[in-house]
Amino acid sequence: MRNSSSTLIKTLGFLGLIPFLISTIAFHFDFYHYGFHAQSVFIAYSAVILSFLSGAIWGQVLEQPYQAKGKLLLIASNVVAVGGWIGLIIQQPHLSLLLLLCGYISLFWLEVRWLKAIRIDQSFYPNLRFILTILVCAMHLLMLYPKF
């Protein structure tokens, strides 16, 4: 992967944290604007990003030569995406946040445990995903934590 591509991927990854961060701060300071509740915005954005990451696994599996593990990865990523969708539609914010948090942890585990086994290259991406996953999970925990 070219250096310019890795720089762009890293930049986009960290910029993707901004909506999480803003909605977390807004939630803890009871910021309510234009009819949007920060917790609902956080949950919606989280579900979208979780689905995006689940779909990204498809691209990574399809790039590799066929392996039986690939089928399991595709099915597992779909299960996580559906779990994120359920987290979006249920009307229990704490349960939604827990479900989404588990989804991020599950996707990371899938990538580390299974995708790494079928991926030939060992680029910067796993380390980037680890950092981003830790930060996203921390913000999910902050959303679950009672307001100060």
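Every heavy atom of this structure was used, including side-chain atoms; hydrogens, water molecules and symmetry mates were not.
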Reported [atom1]-to-[atom2] distance for the pair [X] and [Y], which is rounded to 0.5 angstrom:
X	Y	atom1	atom2	answer
Leu88	Leu100	CG	CG	8.0 Å
Leu101	Leu98	CG	CG	6.5 Å
Leu74	Leu62	CG	CG	6.5 Å
Leu97	Gln39	CG	CD	5.5 Å
Ser106	Glu111	OG	CD	11.5 Å
Leu132	Asn127	CG	CG	11.0 Å

Could you state whether Val79 and Ile105 fall into the same hydrophobic cluster, counting links through intermediate Ile, Leu, Val, Met, Phe, Trp or Tyr residues with side-chain heavy atoms under 4.5 angstrom apart?
no
If hydrophobic clusters are built by linking Ile, Leu, Val, Met, Phe, Trp and Tyr wherever their side-chain heavy atoms come under 4.5 Å apart, do Phe14 and Met139 end up in the same one?
yes
Which heavy atom in [X] sits nearest to a heavy atom in [Y], and how many Å separate them?
X	Y	answer
Gly83	Leu99	O-CD2, 3.1 Å
His28	Leu142	NE2-O, 2.7 Å
Gly87	Ile43	O-CG2, 3.7 Å
Val80	Gly103	CG1-O, 3.7 Å
Val61	Gly70	CG1-CA, 3.8 Å

Pair listing, ring-ring contact (aromatic ring centres under 6.0 Å, His included) test, anchored in residues 81-108, at least two apart:
Tyr104-His140, Phe108-Phe130
Within the side chain of Thr11, is there an N or O that forms a donor-acceptor pair under 3.5 Å with the backbone of Thr7?
yes
Residue pair Trp58 / Asn78, side-chain heavy-atom distance below 4.5 Å:
yes
Side-chain heavy atoms of Arg129 within contact of Leu107, under 4.5 Å:
yes
Please tabulate, for side-chain N and O atoms in residues 16-23, each donor-acceptor pair with protein atoms closer than 3.5 Å (sequence neighbours left out).
| residue | atom | partner | partner atom | Å |
| --- | --- | --- | --- | --- |
| Ser23 | OG | Pro19 | O | 2.7 |
| Ser23 | OG | Phe20 | O | 3.2 |

Using atom types as modelled, flag every donor-acceptor pair under 3.5 Å from a side chain in residues 47-57 to any protein atom, sequence neighbours excluded.
| residue | atom | partner | partner atom | Å |
| --- | --- | --- | --- | --- |
| Ser51 | OG | Ala47 | O | 3.1 |
| Ser54 | OG | Leu50 | O | 3.0 |
| Ser54 | OG | Ser77 | O | 3.4 |

